[in-house]
Every structure is written in structure tokens, then in C-alpha cells.
There are 2 protein chains.
Amino acid sequence: MLRAKFKLWLNSRHVEGAFGDGKWRLLKAIDGENSLKVASETLGISYRKAWGDLKKAQEALNVTLVEKQRGGRLGGQTVLTEHGKKWVKAYARFRGDVEKAVDKAYERHIGGLIG
Amino acid sequence: MLRAKFKLWLNSRHVEGAFGDGKWRLLKAIDGENSLKVASETLGISYRKAWGDLKKAQEALNVTLVEKQRGGRLGGQTVLTEHGKKWVKAYARFRGDVEKAVDKAYERHIGGLIG
DNA sequence: AATCGTTATGTCCATCCCGACATATCGACA
DNA sequence: TGTCGATATGTCGGGATGGACATAACGATT
């Protein structure tokens, strides 16, 4: 009947939305596909947006999350760096903890209001 | 350098954003002013939006949060009902718990990545 | 050196949300 | 019964965000 929802993200000094669920999902998809193009298709977002998000995250965090390569018979590829993999795992734990806390807090404080 | 941010809200069966930070702040302001108009001015939002938010919350939660009155020398007034006051308090605790959890999870999982 | 599929990037357009206006309505009180 | 200030609603325009297109650039492989 009522559900608690949340959005979670990180701001850097000058960038709103430096990292968040969308970019996290993007990195995960890239890790599985080794391709920015395929990753964007898997997620159902435009390549244009995926590319922009990736660029934004890297610039804002000042970390190289992926290794990009152009050319060749296969056209190119995009793979996660070690830093990128660390970010995926760290954010997953971060988000997981928050999600649990939201559910618990909901039960504790809101659930009683409507039961 | 990096800051964790979050948005929190409640969805009802058919309504996205039935209740959240904005509507919570609105109820708090109404409680202090006993006026929807003054509350909206205090918050720096349009009366139109405040009115719409209030209506949306009440319809979505199916709870009477405020008692509205029109007419009279003072024009009218809007005061919180007991249910409204309970919601303000409950959401405050809900939000407070989540905020603490976000900070803690950030320290635990993200802080180390950039220290 | 010609190819080919991916990465790289600019730009215009649809859409959603909010702010700004514009009015209508109400009704206790003087 | 007229007044007055707040509540009640419709609507239009502007800013932000993402999608749809369009096109350039790249370079390992053949």
C-alpha cells in the first residue's frame, strides 16, 4: 500500500550527480559486456547518454574507471579498470546498506501509521 | 570533496511521490504558521505548488493532514490535524534514521576509496 | 590502404515539473 | 450586506533532462 523509495548519489565539489545508481548500473553493464555500446543497449539507454554519464563520472571523481579503445575489426571496446571494479563493489555495498536502513526505518516509523 | 546525498519519499499504490521531504517541510511550516499562504512564502515556493502538494499528499495517503478554513476577516487558515502532526513526527524520525545510515554507510564503504 | 564497428561529440526536440499569472470562491466580521 | 484576505484552480511559459539523429574519428585487421 505504501512503499519507501530513495535515490542515492554522490556530489563532488563542483559536480552534482558525480556518481549514483545510473552510473553504477552502467559500470556493471560495461563490466559484463566490455563494450559501452552493448552496455547502453542492455540498459535501454541511448549510447549518447551512457557516454556522457561515463565521462561525467570520471571527470567528477577524477578517477579512470574504464579503459577505452577505438579501431580494429571489432571497432573498439571499453573495459573496467581496477579502480572501476572497486567502485562498482564499494557502491554496491554502500547502496545495499542504505536500502536495508530505509526498509528498517520505514517499518519502525511509518509502518505503524498506516497499519 | 565527495558528499553523499539522498532523496527519500513514499509511493502509494497509484501515486508517485505521495509524501517526501518537500511535503514534510510544508507540513512543518504550516504547523508553525497556521497558514498555507504564509507557509509557502516561508519556504520560498509558490502557493500554487504548496496547495497542489498538500492536496496530492492527502489524496494519496487518504488521510486528512490539515483542517482548512476559508472566509472571515483573516481570510482563512490551515492548521494541522492530529494525524498531520503524527506524520510530521514520524517522517522526521524516519528521515533522521536514514540520514544517519547514509552517513555511516558512506564512511564505511566510500570514504576509504578517496581518502 | 580500404574496411568496419565502436567510440566520440554536437544539436535539435519531446516531455516533465515548477514558477508565474490570473481568477474565482468563501464566509466571519464590521 | 459589503469587505477583505486566504484558500481553490486553471493555464501558459521556461528550464532541465533524456532521446533521436547525424556525423566524425579511430585503428587493428585484412
Side-chain angles (χ1 to χ4, degrees), chain A residues 5 7-9 11 14-27 29-60 64-81 84, chain B residues 5 7-9 11 14-27 29-60 64-81 84:
Chain A
K5 308 279 286 184
K7 259 184 186 295
L8 193 58
W9 71 95
N11 283 171
H14 299 294
V15 182
E16 282 279 307
F19 201 85
D21 283 22
K23 295 178 179 67
W24 170 58
R25 279 193 297 268
L26 178 57
L27 288 188
I30 290 173
D31 196 29
E33 310 287 1
N34 287 333
S35 160
L36 182 52
K37 181 168 188 286
V38 178
S40 71
E41 287 163 356
T42 299
L43 296 177
I45 63 176
S46 64
Y47 174 84
R48 185 66 181 78
K49 173 165 172 55
W51 176 83
D53 285 354
L54 193 50
K55 175 176 177 158
K56 182 175 176 182
Q58 294 198 126
E59 288 178 354
T64 301
L65 299 166
V66 300
E67 192 94 27
K68 291 181 261 187
Q69 199 175 106
R70 288 203 297 191
R73 168 156 291 287
L74 301 177
Q77 62 172 8
T78 299
V79 301
L80 288 200
T81 61
Chain B
K5 308 278 286 185
K7 261 184 186 292
L8 192 60
W9 71 95
N11 283 169
H14 300 294
V15 182
E16 282 279 308
F19 201 83
D21 283 23
K23 295 178 179 67
W24 170 57
R25 280 194 296 270
L26 178 58
L27 288 189
I30 290 173
D31 197 30
E33 310 288 1
N34 287 333
S35 161
L36 182 53
K37 181 168 187 285
V38 177
S40 70
E41 287 164 356
T42 298
L43 295 177
I45 63 177
S46 65
Y47 174 85
R48 185 66 181 78
K49 173 165 170 56
W51 177 83
D53 285 354
L54 193 51
K55 175 176 177 156
K56 182 176 176 182
Q58 295 198 126
E59 288 178 355
T64 301
L65 299 166
V66 300
E67 192 93 28
K68 292 180 261 188
Q69 199 174 105
R70 289 203 297 191
R73 167 155 293 284
L74 301 177
Q77 62 172 7
T78 300
V79 301
L80 288 199
T81 61

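A quick note: this is a predicted structure, and the numbers were derived from the prediction, not measured. By convention in this document, chain letters (A, B, ...) are assigned in the order of the sequence lines, proteins followed by strands, and residues within each chain are numbered from 1. Atoms considered below: every heavy atom in the structure, side chains included; atoms not considered: hydrogens, waters and symmetry mates.
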Take atom [atom1] of [X] and atom [atom2] of [N], then tell me their distance rounded to the nearest Å.
X	N	atom1	atom2	result
B:Leu74	D:dG5	CG	C1'	8 Å
B:Arg73	C:dC26	CZ	P	20 Å
B:Arg48	D:dA6	CZ	P	18 Å
A:Arg25	D:dG18	CZ	P	12 Å
B:Asp53	C:dC17	CG	C1'	11 Å
B:Tyr47	C:dC18	OH	C1'	17 Å
B:Lys7	C:dC17	NZ	P	12 Å
B:Glu41	D:dG5	CD	P	13 Å

Minimum-distance nucleotide to [X] side chain [options: [options]]:
X	options	answer
B:Lys55	C:dG19, C:dA8, D:dT9	D:dT9
A:Lys49	D:dG18, C:dT7, D:dA6	D:dG18
B:Lys37	C:dG10, D:dA8, D:dA6	D:dA6
A:Trp51	D:dT9, C:dT9, D:dT7	C:dT9
B:Lys68	D:dA6, C:dA8, D:dA8	D:dA8
B:Arg70	C:dG19, D:dA6, C:dC26	C:dC26
A:Ile45	D:dT9, D:dG19, C:dA8	D:dG19
A:Thr78	D:dC21, C:dC26, C:dT7	C:dT7

Hey, what do you get for CD1 (B:Ile30) to CG (B:Leu54), rounding to the nearest 0.5 Å?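 Here the rounded value is 5.0 Å.
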Check: B:Asn11 and B:Val15 side chains under 4.5 Å, non-hydrogen atoms: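 In short, these two side chains do not touch, never coming nearer than 4.5 Å.
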Given side chains that start at C-beta, do those of A:Trp9 and A:Phe19 come closer than 4.5 Å, heavy atoms only?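 With C-beta onward as the side chain, the pair stays apart.
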Name the one of A:Leu65, A:Val66, A:Leu43, A:Asp31 that satisfies side chain to side chain contact (heavy atoms under 4.5 Å, CB included) with A:Leu26?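 In the set A:Leu65, A:Val66, A:Leu43, A:Asp31, the residue that makes a side chain to side chain contact (heavy atoms under 4.5 Å, CB included) with A:Leu26 is A:Leu43.
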Under 3.5 Å donor-acceptor, A:Ser35 side chain and A:Lys37 backbone: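 A pair under 3.5 Å: yes.
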Describe the nucleic acid contact of A:Gly76 in one word from base, sugar-phosphate, nothing, applying a heavy-atom distance below 4.0 Å.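 Sugar-phosphate, backbone atoms only, no base.
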Base, sugar-phosphate, or nothing for A:Gly71, non-hydrogen atoms under 4.0 angstrom?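 Base, at least one base heavy atom under 4.0 Å.
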Quick check: on DNA chain D, is the nucleotide nearest A:Gly44 upstream (toward 5') of the one nearest B:Gly52, or the reverse? Name the residue that is more 5'.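 Looking at DNA chain D, the more 5' nearest nucleotide goes with B:Gly52.
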